[in-house]
Asks: 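A single structure is presented below for examination.
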2 protein chains.
Amino acid sequence: MNAVTIKDVAQAAGVSSATASRVLSGHPSTSAASREKVEAVARELGFVPNAQARSLRSTKTDTIALLISDVRNPYFSVLAHAIEQSAHEAGLMTFIGNANEDSAQQDQFLAAMLSRRVDGLIVVPQGLDQAAQRPSEMMSRIVASGTPMVFVDRTLRGIEIPSLTASSAHALEAAIAALTSLGHRRIAFIGGPDHASTARERHLAFDAALAANGLPSDPALHFAGDFKAGSGAQGARWLLAHPAAPTAVVIADAPMAIGALTVWREAGLKISRDLSVITFDEVDAMLMHDPPIATISHDLTLMGRAAVAALQAVMAGQNPERREFSSHFTQRESLGPAAASPGAMMEGMPTHE
Amino acid sequence: MNAVTIKDVAQAAGVSSATASRVLSGHPSTSAASREKVEAVARELGFVPNAQARSLRSTKTDTIALLISDVRNPYFSVLAHAIEQSAHEAGLMTFIGNANEDSAQQDQFLAAMLSRRVDGLIVVPQGLDQAAQRPSEMMSRIVASGTPMVFVDRTLRGIEIPSLTASSAHALEAAIAALTSLGHRRIAFIGGPDHASTARERHLAFDAALAANGLPSDPALHFAGDFKAGSGAQGARWLLAHPAAPTAVVIADAPMAIGALTVWREAGLKISRDLSVITFDEVDAMLMHDPPIATISHDLTLMGRAAVAALQAVMAGQNPERREFSSHFTQRESLGPAAASPGAMMEGMPTHE
DNA sequence: TTGTAAGCGTTATCAG
DNA sequence: CTGATAACGCTTACAA
């Protein structure tokens, strides 16, 4: 392995390890002579400082950890990329971990990170402890220990932590307005799992947008998914069999939308003519669809940058305020006029067994 | 912060720090009495061992690093997820880093990981050093230092490292056979960047598959993209304007396919009738497309598991053999008969300015 | 089984 | 500006 230590460098350069250390970590009190010699020798020997030892002494690691739900969800992979790039610019290394929407895995990752003494944590919290309906013990412990932490995307009930979240109100109002002006009255919602605050927020904002447009909110038009493609497909079948035959639908994330659109394509539905569709999350695949799907999106790059900035503020002892990021509605051809006669969309469609 | 050390635990439990250490790391030589007391105190005080100090002493970190090109590419996010899960089962923590197809960023990440003394590296190598056409200095240094490392997905010319790669020959032969039996003779290829070994392999296998089916390989039917959506769109426009009017196309990854399909949809092309399309990488969006797109895919979960296993073998001092994973062709409705008259596909299409 | 003490590779302190 | 030395938190001979 790489057994070359700072002592080896110092010896080869004919100086003490203290001087070598000063040169290698850019301390001002060094002579040009020793600087040159040490640097040359270090390069030649291929010296790689041992970050373990360094941070054991200096108690900082220049490393942060990012916990997300699932890298495979484009929403999170884009967010993760933004955070990593932003942290990188600030001289911070980022460790990314997956929780798979599971609070046990979340806690395991957090424990590992704590034991590695990362300087801070950016967390997409994974919901409440199922049994007790309260934040997990690990989460409470981190808060108690005072480790710098910020939440991004989601929040946790009962935990006061600086957080960067997305508000869907603005875009949803525009989206529902667009639908109602096209004559839609029965608008379904395929939502996320209730333990995720984003799922609750999107659902509440949906209902509020209905109200703002003079429509009642109807629990029978709500399908509870889990943010994954499979549940989107289930939601699509649920909608096809729905007695009220909704003429439009809003889907709470991209994987579910892709699952749903696949089912509707198989069923021979023509989006826009038979069903108007709006989905959360702007992913390229939505532009590939025929017709392209209208989206509600957030600026994840902005949110990611803000998360890093907020974490740095916390690390500096400040208390950054919560920030909510607005959403944007992009109208596309997936919106069409509501079908003239209720149930028209079911014409000529294969029956479901 | 978390200032509770093993000394605090030892003191509170009335034993020496050595005994506390033995208890906490499961050493057999401990009395039931001290075991109980130490464990109780540790829990009560919320003791979190300092991994830095531990591995400074024991020179192992139970941590591996994974370097990929871009988390936002589903191919890599799926691979990363598989590797992480598999490592997790083996008691290893995984640090994921992005190189963005850039060998400078790759080297920076590798340096950071080396300085953190990870036990091993799983790397999707980021191509040759542009100027010198040889592996980067960092890469050579790692090899020289003997740090356990395996390559996954790609290889690097001139570097002998255990590697897990994907072979496309099998699936491509089946794919081209399917196309030729439908009458296709002018089959285009939208490929990846030449510095990626996967791009070269896919291109070579494509040519070989043509030959196996009695078709000549024509450089004029090859478009060099960069594995990202934008170049897929460029490739799509290139194909639309192509004098030979290819009747089918194979695309070397999913992001490019999505970019290309978007352009073709905008141009009013009907996939299967006007153009037959096959893409590498199985992503859900391909099933959503109308018609669903035929794919050439690899079992990334299998490849990820094998990568972790191979790395463990290297860490154990063995020398695992290279392994190549076969590919699978999934025929779907995106394949149709070649247009009867050459140029038929251009009928009624908007001209490009 | 337990305690003492040395040491992992750095950086910080304090004289010189 | 430089060098000796202690200290970071933990593990592990070596003795007891």
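Fair warning: this is a prediction, and the values are worked out from it, not measured in the lab. In what follows, chains carry the letters A, B, and so on, assigned in the order in which the sequence lines appear, proteins first and then strands, with residues in each chain numbered from 1.
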Asks: Counting neighbours of CD on B:Glu321 that are heavy atoms of other residues, nucleotides or ligands and sit closer than 6.0 Å, is the number greater than 12?
Replies: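 No, the 6.0 Å shell around CD holds no more than 12 heavy atoms from other groups.
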Asks: To the nearest Å, give me how far apart CG (A:Leu24) and P (C:dA12) are.
Replies: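 After rounding, the reported distance stands at 13 Å.
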Asks: Between the base of C:dT10 and the side chain of A:Arg57, is there a donor and acceptor pair under 3.5 angstrom?
Replies: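 Check fails, no donor-acceptor contact within cut-off.
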Asks: In this structure, which one of A:Asp70, A:Asp153, A:Thr198 forms a side chain to side chain donor-acceptor pair (under 3.5 Å) with A:Tyr75?
Replies: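 Considering A:Asp70, A:Asp153, A:Thr198, a side chain to side chain donor-acceptor pair (under 3.5 Å) with A:Tyr75 is found only for A:Asp153.
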Asks: How long is the line joining NZ of B:Lys7 and C1' of C:dA5, in whole Å?
Replies: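 From B:Lys7 NZ to C:dA5 C1': 11 Å.
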Asks: Taking all atoms of both residues into account, what is the closest heavy-atom pair of A:Ala307 and A:Val150, and its distance?
Replies: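 Taking A:Ala307 first and A:Val150 second, the nearest heavy atoms are O-CG2, 3.9 Å.
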Asks: Could you check whether B:Arg35 pairs with B:Glu39 (Lys NZ or Arg NE/NH1/NH2 to Asp/Glu carboxylate O, under 4.0 Å)?
Replies: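 Not counted as a salt bridge, because no side-chain N and carboxylate O are separated by less than 4.0 Å.
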Asks: If you assign each of B:Ala18 and B:Leu56 to its closest nucleotide in DNA chain C, which residue comes earlier from the 5' end?
Replies: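 Counting from the 5' end, the first nearest nucleotide belongs to B:Ala18.
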Asks: Which heavy atom of A:Thr61 sits nearest to which heavy atom of A:Val118, and what is that distance?
Replies: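 That closest heavy-atom pairing would be OG1-CA, 3.6 Å.
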Asks: Considering every strand and a 4.0 Å limit on heavy-atom distances, what is the contact class for B:Ser55: base, sugar-phosphate, or nothing?
Replies: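 Result for B:Ser55 = nothing.
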Asks: Nearest whole angstrom, please: distance from the P of C:dA12 to the NZ of A:Lys60.
Replies: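 Interatomic distance, NZ of A:Lys60 to P of C:dA12: 10 Å.
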Asks: Which heavy-atom pair separates B:Leu300 from B:Ala82 by the least distance, and what is that distance?
Replies: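 In terms of heavy atoms, the two residues are closest at O-CB, 4.0 Å.
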Asks: Please determine, for the side chain of A:Arg22, which listed nucleotide (C:dT13, C:dT1, C:dG3) has the closest atom?
Replies: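 Among the listed nucleotides, the one closest to the side chain of A:Arg22 is C:dT13.
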Asks: Shortest non-hydrogen contact from B:Asp119 to B:Met315?
Replies: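 Smallest heavy-atom distance, with atoms named: O-SD, 3.5 Å.
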Asks: With a 4.0 Å cut-off on heavy atoms, is A:Thr30 in touch with a base, just the backbone sugar-phosphate, or nothing at all?
Replies: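 If one applies the 4.0 Å heavy-atom cut-off, A:Thr30 turns out to touch the sugar-phosphate alone, with no base involved.
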Asks: Rounded to the Å, how far apart are A:Arg117 CZ and C:dT10 P?
Replies: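 My rounded result for the distance is 20 Å.
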Asks: Extract, from 5' to 3' on DNA chain D, the first and final nucleotides lying under 4.0 angstrom from some heavy atom of chain A.
Replies: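 First-to-last contact on DNA chain D, by the 4.0 Å heavy-atom rule, is D:dC1 to D:dG9.
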Asks: Between B:Thr59 and B:Ala20, who's closer to the 5' end of DNA chain C by nearest nucleotide?
Replies: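 It is B:Ala20 whose nearest nucleotide is closer to the 5' end.
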Asks: If I take atom CD in residue B:Gln52 and atom P in nucleotide C:dT11, what distance separates them, rounded to the nearest angstrom?
Replies: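 Taking atom P of C:dT11 as the reference, CD of B:Gln52 is at 13 Å.
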Asks: Just to be sure I understand the rule, does A:Ser21 reach a base, reach only the sugar-phosphate, or reach nothing, if contact means heavy atoms closer than 4.0 Å?
Replies: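 If one applies the 4.0 Å heavy-atom cut-off, A:Ser21 turns out to touch a base.
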Asks: Looking only at side-chain N and O atoms, does B:Thr19 come under 4.0 Å of OP1 or OP2 in C:dG3?
Replies: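 For C:dG3, OP1/OP2 do have a side-chain N/O of B:Thr19 under 4.0 Å.
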